[in-house]
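Below, read A as the first sequence line, B as the second, and so on, with proteins coming before strands; counting in each chain starts at 1. Remember, predicted model here, so these are calculated numbers, not experimental data. Note that these values count all heavy atoms, side chains included, but never hydrogens, waters or copies made by symmetry.
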Amino acid sequence: MTVQLGQIVQYIEQLSELDTDDVQPMAHAVELRNVFADDTVRESFDRERIMANAPHRDDECYRVPAVLGE
Amino acid sequence: MSLLNSSATELLSRMQAGELTSVELVNACLQQIEAHDDRLQAFLRVDRAAALARAEEIDQRRARGEAVGRLAGLPVAVKDVLCTLDEPTTCASRMLEKFKPPYDATVVQKLKAADAVLIGKTNMDEFAMGGSNENSAFQITRNPWDSDRIPGGSSGGAAACVAAGMAPLSIGSDTGGSIRQPAALCGVVGMKPTYGRVSRYGLIAFASSLDQVGPLAATVEDVALLSEVISGHDACDATSLDQPVPDYTSSLQQPLEGLRIGLPGEQFGDGLDGEVAAALQAAVQVYQDLGATVTEIELPHSKYAVATYYIIAPSEASSNLARYDGAHYGYRTDVTQMQQQLDLERAELAAQGDEAAVAQLDSPLVRMYRQTRAEGFGPEVKRRIMLGTYALSAGYYDAYYLKALKVRRLIAEDFREAFAKVDVILGPVTPTPAFPIGEKVDDPLSMYLVDLYTVSANLAGIPGISVPCGFSSEGLPIGLQLQAPPLAEDRLLRAAFMYQQATEWHRRKVMTKA
C-alpha cells in the first residue's frame, strides 16, 4: 500500500508544473447559490426505521463503548 | 423478435398495444437472470416476487384503461448506490451490508411514480470507487462478451445486465466515468447528465461535486426515455438545477443540421489502442457522410485531468466517508472482543511500566471507530480515504487540494472555449476494450489512468454519452464518447441518435435467447 500510494502521490504532483497563480479555484461544476426553503412543518422520517439500523441501541438511544474510559 | 433483443421503447409500445404484458416481460428478464447471472454476477439482489407482483398490478391497471406512468411495466435495474426504502442498499461494501435506508432516493421515487418495475440492485465497485467491479466486497461482475474480462466500473453490474438482456433499462452513477466506461466496455449506451440535472438525494455520496446519476440502456432512444423520467429539479438536493426538462424523446428524431464536431487532438495520440482509434475514425466518417463538419480542437489541460481528479475525488470521499464510524448504522466491529484486546494491550504496557504508552492508548470509543473502519472498508476505499486526508492536511492543502481546484477551472475553461467553436466533442471513452480480470488489481495507478477520457466531464460538470461504435478483433465492444455543453443533453442525444440510425452496432447482441 505504501509503494502504491507513493506512486499515486508522485503522479498527482505533475500539477505543480502549471502556473495557476491567477486562477480562481473551482470547487463546484455549477456556480452555487444559497437555496432557501420555506419554513414549513413536514413529516419527518420514521424514527423506528432509522433506529432499526443501529448496531447497538437502547430504546431511542444509540449505544457506544465508553467515551471517557472506565 | 425475442423480447430480450427489443429496445425498451419497442417493449413499451407492445405493452401499450396489448401485445405484451409486463408479467411476460418481467418473467423473461428473470429467466435470463436465472440462466446467466450465476456466471455474470451482475445483480447483488433480485426480488422476484415483488417484481412480479408489481408487474401484475400494472398489467391490471393498464387492462382497466387507467392512466399509467411513462415507464409502465418496464423492468429497471438500480445500482446498489441508490437508497431503496426498507430494502438493503450496500454500495457493495461490508460497511453497509445490512443497511436498510429509511427512504427512497428521489430517482427511485421517480421510477416508482413512472410505474417502472424495479427488478433488482446491481453490483458495483465498493462506494463506486473503481473501474472494473473488482472492488466489490461481494462479487466480481463479468463482462457478458467475455467472462474472463471486467465489465468496467463502477456501474459494472448496471451495464452488464443490459448487455446480457437481463433488464432493458438500468440506473448507474458516474463520478469519473462510472456510467460511460462500463457502457463502452459492455456495448451499451450510457449517459452522464449535466451536474445537477438529476437529483443526488438518496445517492450514497462518493465525491459530491462530481457525482451524477444517469441512465444505461441498449439504445439511445431508451436512454432518452429514462433521462426524461429521472431528470428534474428536487428541493431535497441543493445542487439540483431548477431548469425544465426538455422532451428528449420527441426531439430525438430531428437530425442536427450543420452539426459541428470537435476532435480533441490530445485524445487521439499515444495511449489509445489502434482498434479503438480505427473505430473512432470510422465513426467520424459516418458523421461526415451525414453532413457534419469535423474540426480538430484543443483541450490543452486534459492531460492533467486524471491528476486533478485523483486529488479532488479522494478529498471529497475522505470527508463523505467519515460518517461510517459504526455508531449509528452500518457495520460495527465486535465490541466485546475489541474491549478484551484493549484491556490486554493496557495490561501488557502497564506490566512493562510504559505509562506514556498506556496514556496514549485509544479510548474504547476511538478504538471502535478505528477497528470498524479497518474491517468495514476494502483496500481501494482505504487508499482513497488516505489520499484524500493527505491532500487536505494542513501542510499540503495548498499544494494539492487548492492546486487541483485551480486546474479544475482551467479544464472547464478549455471546454468552454471549445464549445464556442463546435457543438459536440467526439472522442474515446476508454483507451482499450475490456481488460482481463486481475490485470490491474495490483497497480492502482494504471487503473486510474483508464479514466483519462472520462474524468474531465465530471470536473467540468458537462454531459457525456457513450455509444457503441464497433468491436475489436477479439469481439469486444468499443464505445464512442460525445460531450456537450451544460444542459445540452437534447443535443447530445440527437447527435448520438443520428449515429445509431446510420449504424448497426447497437443491434449486435451477446445473448440472443433466454
Side-chain angles (χ1 to χ4, degrees), chain A, chain B residues 85-86 98-103 194-196 209-210 235 238-239 241 301 303-304 306-308 310-311 326-332 335 338-339 363-365 367-368 379 382-383 386-387 390-391 399-400 402-410 412 442-445 448 458-462 486:
Chain A
M1 184 77 94
T2 316
V3 176
Q4 293 169 346
L5 284 171
Q7 287 170 347
I8 296 163
V9 169
Q10 199 182 0
Y11 179 79
I12 61 181
E13 272 170 0
Q14 63 172 293
L15 295 190
S16 63
E17 68 193 53
L18 280 169
D19 178 3
T20 53
D21 286 352
D22 299 324
V23 181
Q24 282 297 311
M26 175 176 165
H28 243 271
V30 289
E31 300 303 330
L32 295 181
R33 54 188 174 78
N34 281 329
V35 176
F36 298 98
D38 292 335
D39 188 13
T40 48
V41 178
R42 57 189 173 99
E43 193 141 2
S44 176
F45 286 128
D46 177 62
R47 190 205 310 260
E48 187 47 40
R49 275 201 164 111
I50 292 173
M51 294 301 295
N53 280 295
H56 193 185
R57 61 185 284 198
D58 187 351
D59 196 19
E60 290 178 359
C61 297
Y62 293 100
R63 294 206 61 159
V64 293
V67 177
L68 299 169
E70 273 89 297
Chain B
L85 174 70
D86 293 341
K98 296 186 175 130
F99 174 56
K100 290 184 178 175
Y103 68 109
T194 305
Y195 182 82
S209 83
L210 306 165
T239 60
L241 297 172
H301 298 95
K303 66 172 172 167
Y304 299 105
V306 172
T308 304
Y310 279 98
I311 295 172
H328 302 95
Y329 61 101
Y331 176 79
R332 179 186 291 192
V335 170
M338 179 213 82
Q339 191 68 57
S363 74
L365 181 68
R367 178 61 64 89
M368 183 202 81
K382 288 178 187 167
R383 199 177 287 128
M386 284 189 271
L387 268 176
Y390 177 70
Y400 293 118
L402 192 64
K403 183 83 184 181
L405 293 186
K406 291 177 167 191
V407 182
R408 181 178 189 179
R409 184 170 302 278
L410 296 175
D442 295 323
D443 188 357
L445 183 58
Y448 296 175
N458 300 80
L459 291 168
I462 63 171

Is chain A contacted by the side chain of B:L85, its backbone, both, or neither, given a heavy-atom distance below 4.5 Å?
-> side chain
So what's closer than 4.5 Å to chain A heavy atoms on B:A391: side chain, backbone, both or neither?
-> neither
Do B:R383 and A:L5 have side-chain heavy atoms sitting under 4.5 Å apart?
-> yes
For A:A54, is it the side chain, the backbone, both or neither that has a heavy atom under 4.5 Å from a heavy atom of chain B?
-> both
Which heavy atom in A:A29 sits nearest to a heavy atom in B:N458, and how many Å separate them?
-> CB-O, 4.4 Å
Between B:T194 and chain A, which part of the residue has a heavy atom less than 4.5 Å away: side chain, backbone, both or neither?
-> neither
The interface call for A:V23 against chain B, heavy-atom contacts under 4.5 Å, is both
Does the side chain of B:H301 come within less than 4.5 Å of A:L18's, by heavy atoms?
-> yes
Heavy-atom donor-acceptor pair, A:N53 side chain to B:H328 backbone, under 3.5 Å | no
Portion of A:R57 that has a non-hydrogen atom of chain B nearer than 4.5 angstrom = neither
A:E17, part contacting chain B, at a heavy-atom distance under 4.5 Å = side chain
Measure distances from B:L241 to the heavy atoms of chain A and classify the residue's part below 4.5 Å as side chain, backbone, both or neither.
-> side chain
Listed by residue number, which members of residues 7-16 of chain A have a heavy atom under 4.5 Å from any heavy atom of chain B?
-> A:Q7, A:I8, A:V9, A:Y11, A:I12, A:E13, A:Q14, A:L15, A:S16
Highest number of heavy-atom pairs under 4.5 Å with chain B: which of A:R63, A:R49, A:E48?
-> A:R49
Closest approach of B:G330 to A:P55 (non-hydrogen atoms, all atoms of both residues) = O-CG, 3.6 Å
Determine the option with the most heavy-atom pairs under 4.5 angstrom with chain A, choosing from B:M368, B:M338, B:R332.
-> B:R332
Under 4.5 Å heavy-atom distance to chain B, tell me which part of A:D22 shows up: side chain, backbone, both or neither.
-> neither
Step-by-step side chain to side chain contact (heavy atoms under 4.5 Å, CB included) determination, A:Q24 to B:K406 | CA-CA 6 Å; A:Q24 282 297 311; B:K406 291 177 167 191; over 6 Å; no
Per-residue tally against chain A (heavy atom, under 4.5 Å) across B:A238, B:G461, B:P444, B:A412 peaks at B:P444
Might you point out which heavy atoms bring B:Y195 and A:H28 nearest each other, and give the distance in Å?
-> OH-CE1, 3.0 Å
What is the distance from atom OG1 of A:T20 to atom CZ of B:R409, rounded to the nearest 0.5 Å?
-> 12.0 Å
Look at B:R408, B:K382, B:K98, B:M386 and state which one has the largest set of heavy-atom pairs under 4.5 Å with chain A.
-> B:R408
Taking the six-membered ring for Trp, are A:F45 and B:Y103 parallel (under 30°), tilted (30 to 60°) or perpendicular (over 60°)?
-> tilted
